[in-house]
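Okay, so here's the structure we're looking at.
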Amino acid sequence: IAYVCGMFVTPALYRCLRPGRLLPLLLLFLVPGCVSSPFSSPEFSEIRPDAMLPAAADQPFLFRANAVFEHPFFTTPLLLICRADPANRTILTAGFNPAGIKLFEVGGETDSVLLPVKEEYKKRLALAIRTDMERILLDSLPPPEAVKRIGKDRISYRFRSAEGENRCYIYAGDPLRLIEKEGRGWFFRNWRVRYYGDGEIFYEGDSYELVIRHQ
């Protein structure tokens, strides 16, 4: 939204203000749209010629993490517990507050959301959490038709998903590991997940952010 406002408002301001006064106002529109990660990015070694992509998980696993759920209207710490089955592409996700009270459970036969949002928004939020946990925990490898590009210290794969998104997977390190995934529409990024060392994950969705520290 900030970028769109900047595109339309800046030309109008330019006619009314001297160019020297325009830069602070332009930054006012654009800076809110830039989200910085709470984790520092590590440095990676140069890509080796024989570098191989990591193997994809194909066995059910349990994911347990401390997280912070950052919504435009509230922020709450969480204990995330996910039971994932990559072969069947299913994830059961439950979130608990520090007192142990369940705030949501999605991915099962029925979804339950007790977060402080309007009732009509809870179904959308349940679907968003379910979809976003799939983005974070599943599909760690690009499809065979992805376009590969080798950089100095990372390898990227770009492809178009079945949903019509332009997706990019980035790998780095020795051995290679997934450090970032993102999905884009025609003009803007829809979501992005970045993986750091020690189980730290930062997810940026279209309606909220998740700061995750895997236990």
Side-chain angles (χ1 to χ4, degrees), residues 1-5 30-41 63-84 86 89-97 102-108 111-142 156-171 178-196 199-215:
I1 296 175
Y3 293 107
V4 175
C5 290
L30 296 183
V31 169
C34 304
V35 180
S36 60
S37 169
F39 307 119
S40 58
S41 298
F63 180 86
R64 181 185 175 99
N66 293 317
V68 178
F69 187 95
E70 298 183 355
H71 190 274
F73 301 111
F74 66 91
T75 298
T76 183
L78 292 174
L79 170 62
L80 274 179
I81 299 179
C82 306
R83 186 174 291 110
R89 293 192 51 78
T90 59
I91 296 182
L92 178 62
T93 302
F96 302 84
N97 69 8
K102 186 183 292 185
L103 298 178
F104 60 82
E105 182 176 332
V106 299
D111 294 332
S112 172
V113 175
L114 301 177
L115 290 166
V117 295
K118 293 182 178 180
E119 197 65 33
E120 60 269 23
Y121 183 64
K122 289 184 177 180
K123 184 175 293 187
R124 287 176 50 199
L125 187 56
L127 178 60
I129 295 173
R130 181 197 299 235
T131 302
D132 295 341
M133 294 312 299
E134 290 176 356
R135 291 168 176 166
I136 294 170
L137 297 180
L138 301 181
D139 299 330
S140 60
L141 293 179
S156 65
Y157 291 83
R158 299 181 182 274
F159 62 97
R160 193 162 181 83
S161 71
E163 295 80 12
E165 279 188 330
N166 295 312
R167 293 190 178 175
C168 179
Y169 287 23
I170 301 176
Y171 301 82
L178 181 63
I179 63 169
E180 184 175 317
K181 292 193 296 187
E182 73 170 16
R184 287 183 171 272
W186 286 106
F187 301 106
F188 301 103
R189 183 174 63 232
N190 298 329
W191 58 272
R192 177 170 65 175
V193 54
R194 285 178 276 182
Y195 304 89
Y196 300 85
E200 297 170 334
I201 302 172
F202 181 46
Y203 179 82
E204 303 166 67
D206 58 356
S207 59
Y208 64 85
E209 297 168 7
L210 268 176
V211 180
I212 300 174
R213 289 178 172 85
H214 184 205
Q215 297 180 357

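Reckoned from all heavy atoms, side chains included, excluding hydrogens, waters and symmetry mates.
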In this structure, which one of Arg192, Glu209, Arg194, Arg135 forms a side chain to side chain donor-acceptor pair (under 3.5 Å) with Tyr203? Arg135
[X] atom [atom1]: more than 12 heavy-atom contacts under 6.0 Å:
| X | atom1 | result |
| --- | --- | --- |
| Glu119 | CD | no |
| Arg124 | CZ | no |
| Arg83 | CZ | no |

Minimum side-chain heavy-atom gap [X]-[Y] below 4.5 Å:
| X | Y | value |
| --- | --- | --- |
| Asn190 | Asp206 | no |
| Phe63 | Ile201 | yes |
| Lys102 | Ser112 | no |

Atom [atom1] of [X] and atom [atom2] of [Y]: how far apart are they, to the nearest 0.5 Å?
| X | Y | atom1 | atom2 | answer |
| --- | --- | --- | --- | --- |
| Thr90 | Arg130 | OG1 | CZ | 10.0 Å |
| Glu134 | Ile136 | CD | CD1 | 10.5 Å |
| Leu79 | Arg64 | CG | CZ | 5.0 Å |
| Leu78 | Glu70 | CG | CD | 10.5 Å |

According to the interplanar angle, ranging from 0 to 90°, do the rings of [X] and [Y] count as parallel (below 30°), tilted (30 to 60°) or perpendicular (above 60°)?
| X | Y | result |
| --- | --- | --- |
| Phe69 | Phe104 | tilted |
| Tyr169 | Phe159 | perpendicular |
| His71 | Phe74 | parallel |

When you look at Leu92 and Glu105, which way does the side chain to side chain contact (heavy atoms under 4.5 Å, CB included) test go after all the steps? CA-CA 7 Å; Leu92 178 62; Glu105 182 176 332; 3.9 Å; yes
Side chain to side chain contact (heavy atoms under 4.5 Å, CB included) between Ile212 and Tyr196, worked out: CA-CA 10 Å; Ile212 300 174; Tyr196 300 85; over 6 Å; no
I'd like to know if the side chain of Lys181 reaches the main chain of Asp139, judged simply by a donor and an acceptor atom lying under 3.5 Å from each other, with no hydrogens or angles considered. yes
Say whether, by atom type as modelled, one donor and one acceptor occur between the side chain of Arg184 and the main chain of Phe188 under 3.5 angstrom. no
Before giving the answer on side chain to side chain contact (heavy atoms under 4.5 Å, CB included), spell out for Asn166 and Glu182 the whole-Å C-alpha distance, their side-chain angles and the decisive distance to 0.1 Å. CA-CA 8 Å; Asn166 295 312; Glu182 73 170 16; over 6 Å; no
Of all the heavy-atom pairs spanning [X] and [Y], show the shortest one and how long it is.
| X | Y | result |
| --- | --- | --- |
| Arg167 | Gly183 | CG-CA, 4.1 Å |
| Tyr195 | Glu180 | CD1-N, 4.1 Å |
| Pro142 | Tyr171 | CD-OH, 3.0 Å |
| Leu210 | Ala67 | CD2-CB, 4.3 Å |
| Ile91 | Ala84 | CG1-CB, 3.9 Å |
| Trp191 | Gly205 | CB-CA, 4.4 Å |

Looking at Asp111 and Lys122, does any basic side-chain N land under 4.0 Å from a carboxylate oxygen? no
Verdict with reasoning, Val113 to Tyr121, per side chain to side chain contact (heavy atoms under 4.5 Å, CB included): CA-CA 10 Å; Val113 175; Tyr121 183 64; over 6 Å; no
